[in-house]
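Letters go in sequence order (proteins before strands), and every chain restarts at 1. What you see below is based on every heavy atom in this structure, not just the backbone, and it leaves out hydrogens, waters and symmetry mates.
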Amino acid sequence: MQAHLDAGTPHVIRFRMPLEGETSVHDLLRGEMTFQNANLEDLVLLKTDGYPTYHLANVVDDHLMEISHILRGEEWIPTAPIHLRLYDAFGWDAPKFAHMPLILAPGGGKLSKRHGSTAMEEFRAQGYLPEALMNYLALLGWSLDGTTEMFSRDELLETFTLERVNPSPGTFDYNKLRWFNQQYINHVLSLDDLTLRVMPFLGAAGLIAPGPFGPEHPDFTRVRPAVALLKDRIETLAQAPDLIGYFLLPDLEPYDPALLVPKKMTREQVLAALEAVEAILPEVDVDNEEATEVRFRTLADELGLKAGSLFMPVRVAVTGRTQSPGLFETLRVIGGERVRARVAEAVARLRAWTPAEQPTEPAHAGS
RNA sequence: GCCCCCAUAGUCUAGCGGCCCAGGACGUCACCCUUUCAAGGUGAAGAUCGCGGGUUCGAAUCCCGCUGGGGGUACCA
């Protein structure tokens, strides 16, 4: 050995474990965990390059920082007894340990970069709110009473205890995360706050002017009323551009004219209805939702249509889609001028459109 | 292979010997509301408490075995 040292042979420094006896670690969640010393390996402490491994570094560092409790993932359980012996070898008191349950990916296996998102930035980019993520994560492996589900950061700080952490691993459920996100978007955040959070996504989609995004941003007052109407169906902020686009764009993206014609109505009926709408629009004040609704219902009667049969074509004409918030609040926020232009556009499109033959048999699947 | 952790519905979770033939939530389904979609409201289905042995007057709750899932097994953390 001395010869090797003299020759400068590359080497590492290991931590020698006893060959007999056992070492037990007291875990705050799992109680006593006992290991046979014969099974503990002689971990490398210093690598060939002279740098310490995590095992040496974490012990020294935590001691110097006077760490009292170590909470880490349960993948560290197997090395815990060795770390304990390291503290002992240094003659230091070991901190208390708690090995937290792992989070499993939906398909099984430890959640990782390959299997689901792990970086906070990814969740942010996908439109998840920090509040929602924190709330969801807190309840994955912990519960206050099995019933309470919404927790603010401060409430979590107040009520969280190690004792109520469930040691069994949990599966990450995007469904539930989305539900929490939607709850915060629809019921917790103020309208101003939500508007501010949505704006970067709208900006990135080119729907509004570039940032910085604050209450002084030129589009803030345009975005806010649209967000007010859509907030109950925004699950993630990333969905906002698609859901809100037609409120912000001067003109609609091209849509399929077939959408204008509801089931059980003909092109001719819809055309007549939209022409009638176009005709009354100049005398309608869309800012007055109630009056507008009364006028539209009266028009439906005059045309011999059910209200819904009139509303749907108008909805599509004005939004380009069959799903939207209530029609009259939508008209109000889009504004009279654009409403008139879009209805006129729809009439023109419908005139130029011929319904496709309704196939009486399902089309044969092409090969 | 060897070592270790875990085990209540598809998922998260309450339960810490009798109040549980198991409570809450997501998801699913139905109904209500309704101008669409949501949101909201009401209700339903869904768990032989992984299996088998014990202990006990009594077990989801305690003990043992098995099975299953997960982690570790690097000069990565």
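Atom CD1 of A:Ile70 is separated from atom C1' of B:rA77 by 14 Å (rounded to the nearest Å). Rounded to an integer number of Å, the gap from A:Ile77 CD1 to B:rC4 C1' is 7 Å.
If you take atom P in B:rC51 and the same atom in B:rA7, they sit 15 Å apart, rounded to whole Å. Using atom C1' as the reference point in both B:rC3 and B:rU8, the two lie 28 Å apart (nearest Å). With P as the reference atom, B:rA22 and B:rG50 are 15 Å apart, rounded to whole Å. Distance noted for atom C1' between B:rA30 and B:rA45: 10 Å (whole Å). Look at the C1' atom in both B:rG46 and B:rU61: the space between them is 23 Å, to the nearest Å. B:rC12 and B:rU48 have their P atoms separated by 16 Å, with the value rounded to a whole Å.
Residue contacts shown for A:Thr171 are limited to sugar-phosphate atoms, with no base heavy atom under 4.0 Å away.
Nearer the 5' end of RNA chain B, as judged by each residue's closest nucleotide, is the contact made by A:Gly308, out of A:Asp49 and A:Gly308.
In this structure, A:Trp142 has its ring center under 6.0 Å from that of A:Phe151. Aromatic rings of A:Tyr54 and A:Trp76 (six-membered ring for Trp) have centroids within the 6.0 Å cut-off, being under it. Between A:His4 and A:His11, the distance separating the two ring centers is not shorter than 6.0 angstrom.
For A:Arg14 and B:rC75, the shortest distance from a side-chain N or O to OP1 or OP2 is below 4.0 Å. For the pair A:Asn175 and B:rC26, the criterion of a side-chain N or O lying under 4.0 Å from OP1 or OP2 is not met.
Nucleotide B:rA7 is matched to B:rU67 when pairs are restricted to Watson-Crick or G-U wobble geometry with both distances under 3.5 angstrom. The partner of B:rC29, taking Watson-Crick or G-U wobble pairs whose two distances both stay under 3.5 Å, is B:rG43. Of all nucleotides present, none satisfies the Watson-Crick or G-U wobble test against B:rA74 with each distance under 3.5 Å.
Annotation: ring pair (Phe, Tyr, Trp, His ring centres under 6.0 Å) contacts involving residues 314-350 of chain A, sequence neighbours excluded, comprise A:Phe296-A:Phe328, A:Phe311-A:Phe328.
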